[in-house]
Amino acid sequence: MLNPQQLAAVEHCDSPLLVLAGAGSGKTSVITQKIAYLIARRKLSASKIAAITFTNKAAKEMRERVGKLVSSEDAAALTVCTFHALGLKFLQIEHARAGLRRGFSVLDADDSEGIVKELAPKGAKPDVLFGIRNLLSRAKNGGLSPEEALAAARSPRELEAATIYDMYQQRLAAFNAVDFDDLIRLPLRILESDADCRDAWHERLRYLLVDEYQDTNDAQYRLLKVLAGERGGITCVGDDDQSIYAWRGANPENIDQLGHDWPSLRVIKLEQNYRCGKRILRAANQLIANNPHLHEKKLWSEHPEGAPIRVLECKEAEHEAERVAALATTLAEKHKARWHDIAILYRGNFQARPLEKALRLARIPYHLTGALSFLDRAEVKDLLCYLRLLTNPSDDAAFLRVVNVPKREIGAVTLEKLGQIAQSRHSSLLDATRSDSVLRQLTPRPAAALASFSDLLDELRSASLHESAADLVELILKRTGYAAQIAASTTDASVRERKLGNLKELADWFRAMQKGGNSAGDLASQLALLSHADRDEPGNAVRMMTLHSAKGLEFRFVFIVGCEDGTLPHEGAIDEGRIDEERRLMYVGITRAKELLTLSWSARTKRYGEVHANQPSRFLHELPQADLHWQGKDPEADKEAVRETAESHMAKIAAMLAGN
DNA sequence: GCATCTACAAGTATC
DNA sequence: TTGTAGATGC
């Protein structure tokens, strides 16, 4: 069942292990089999093993697969979760060491962005704000505390950002809250500085298995290092060729860092691919050979050669979409493909638009992955904030979000005043509304509204002690008037239905999670870490997604659209010389295909209303030409595109002249 | 407090 | 060109 390299990776437990696992080489099998091996052969207690992933989806899949290999007791005792969920678990146990009280909140990205905005100088331009958030996040991902960031500041801008960082953390402390970055930074800080705590966790977690290791950032790496300790009970599985998140802080150099920090590191390569046809693999290998490599890796496959890779040359994005839709229909009719065997991948979300149109027209069911995040929906966020506020009355961010949702005639002026009063008496906003002396400082009407709001929360809080989380959601909807507000909203029926549907889905989620015996408060924290990707995929529909979100997936038939210079590789990446990561992105896309790969490009692109002439992606020229089958090559196409670009400029000039 | 208008920006996205 | 965020007016 396992090949010799996979077996070696499973059985090597006595020093740290790095598994360089090519695309489709069965890395999840190695991780899950190794967990089973550690339990059965090495007699390690399941509760002392942690498998760490980047997404909840990957964690869920791993949990399911390992569940088939070990007993249900062992499966329940295992820790299989994301980096952030592990950090959350750590902080829930060690909250006192982090200066947090039980029931602390996890702020989402919007909340923390809002706080930064408040703390930044009034009227700061968006790019300044962006810069501050960037520096702040860099400091946090570097594991720096506000004091360290202040000491390390080298320029006035850095000093300003560090000062804001300091105030930001004070604000979070007052809220009894952490943000996403803190879920890594705080455990890291505690483990690095507190030997007793470190020893306890070394005892608690004896073996770590890390998925998608190339995606770790510096703080995550340090967390792994301190958790694994000198003993080095750790297996990291990753692929430098699939490193596509450097722009998000991932540091692929962490792959080499392992060998420096643990000289006894063993490296095993998995090079047999179990997914793609030979031709597809040859194309992928030849493409990625254009990137520099520290660890040479050559994937091979026992699968059949497969059909040539088609390259569709199209006039424009609409034409491209129509051809893709037509070919998808052919696949379904002639090759008995199910719709969900087909994926259409692209560089940017905006490219989905013409595709959607063409698929609708062709009556092909499709599903957009990751378009709108479920948890970003206003109604879902509102409900979660109610739960946060019930568990953590200090959570001012949650208070501000829901205090006037539904409308309670509590406006900005009232809240401004309340905020000043709360600040002067060092209490949370909700606490302040409970004090008569505070309410007397406000005008009677808003004061009464605030008082009844806090009464309502008290009522819900006492209900939360005995209601299940799912019932609590229903109760909140009813008692706050939220459900009534949706029902009465002037918007059309489909919007109302969608909102109620989302809230029902939220309640269903709670019901499912409740089985783990979690309290409502725990559920609320965990939900902050969930994302849209965790929802079940819809049935038989063509999958449309970005190349980034396709990583880890596989499909029988794959289309990669927009293979043009400027789109893939992206223009900004070309300008800044970041071609290698774009090439890896193409590599990820190609290696998603099991049987048939179709690449397409358009001679013209409409960009921000202007027509541009395109060149086919340089990556197309890097592929083995003998394996490509160019379709619709029209030597006139380029000339035509250039002519039309010129025409569109002429038309613009004419319009300007006419305007004058 | 809400609706409407205007100006601006335009990559990828996890937790 | 399109979407969204912020400002402005009622």
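Convention: sequence-line order gives letters A, B, ...; per-chain numbering from 1.
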Students often get this wrong, so: under 4.0 angstrom with heavy atoms, is [X] touching a base, only sugar-phosphate, or nothing?
| X | result |
| --- | --- |
| A:Glu582 | base |
| A:Asn404 | sugar-phosphate |
| A:Leu345 | nothing |
| A:Phe54 | sugar-phosphate |
| A:Arg578 | base |

More than 12 heavy atoms of other residues, nucleotides or ligands under 6.0 Å from CD of A:Glu64: is that the case?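 Counting other residues, nucleotides and ligands, CD of A:Glu64 exceeds 12 neighbours.
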
Are there over 12 heavy-atom neighbours, none belonging to A:Lys417, within less than 6.0 Å of that residue's NZ?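 Atom NZ in A:Lys417 is crowded, with more than 12 foreign heavy atoms closer than 6.0 Å.
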
Please check if the distance between the ring centroids of A:Phe399 and A:Tyr386 is under 6.0 Å.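 They do not qualify: ring centres at least 6.0 Å apart.
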
When you compare the side chains of A:Tyr366 and A:Arg360, does any donor N or O come within less than 3.5 Å of an acceptor on the partner?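 Yes.
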
Does [X] put a side-chain nitrogen or oxygen below 4.0 Å from OP1 or OP2 of [N]?
| X | N | result |
| --- | --- | --- |
| A:Lys89 | B:dC15 | no |
| A:Arg353 | C:dG3 | yes |
| A:Thr82 | B:dT14 | no |
| A:Asn349 | B:dA13 | yes |
| A:Ser549 | B:dT12 | no |

How are the rings of A:Trp201 and A:Phe90 set to each other: parallel, tilted or perpendicular (split at 30° and 60°)? tilted

Taking the C1' atom in each of B:dT14 and C:dG3, what is the distance between them to the nearest angstrom?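 About 24 Å, rounded to a whole number of Å.
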
Interatomic distance at P, C:dT2 relative to B:dA13, whole Å: 22 Å

Could you check which of B:dT14, B:dG1, B:dT12 has an atom nearest any side-chain atom of A:Thr55?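 Side chain of A:Thr55 sits closest to B:dT14.
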
Is the aromatic ring centre of A:Trp247 closer than 5.5 Å to the centre of the six-membered base ring of B:dT12, with the two planes inclined by less than 30°? yes

If you assign each of A:Ile410 and A:Leu585 to its closest nucleotide in DNA chain B, which residue comes earlier from the 5' end?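 That would be A:Ile410.
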
How long is the line joining CD of A:Glu61 and C1' of B:dT14, in whole Å?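 From A:Glu61 CD to B:dT14 C1': 17 Å.
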
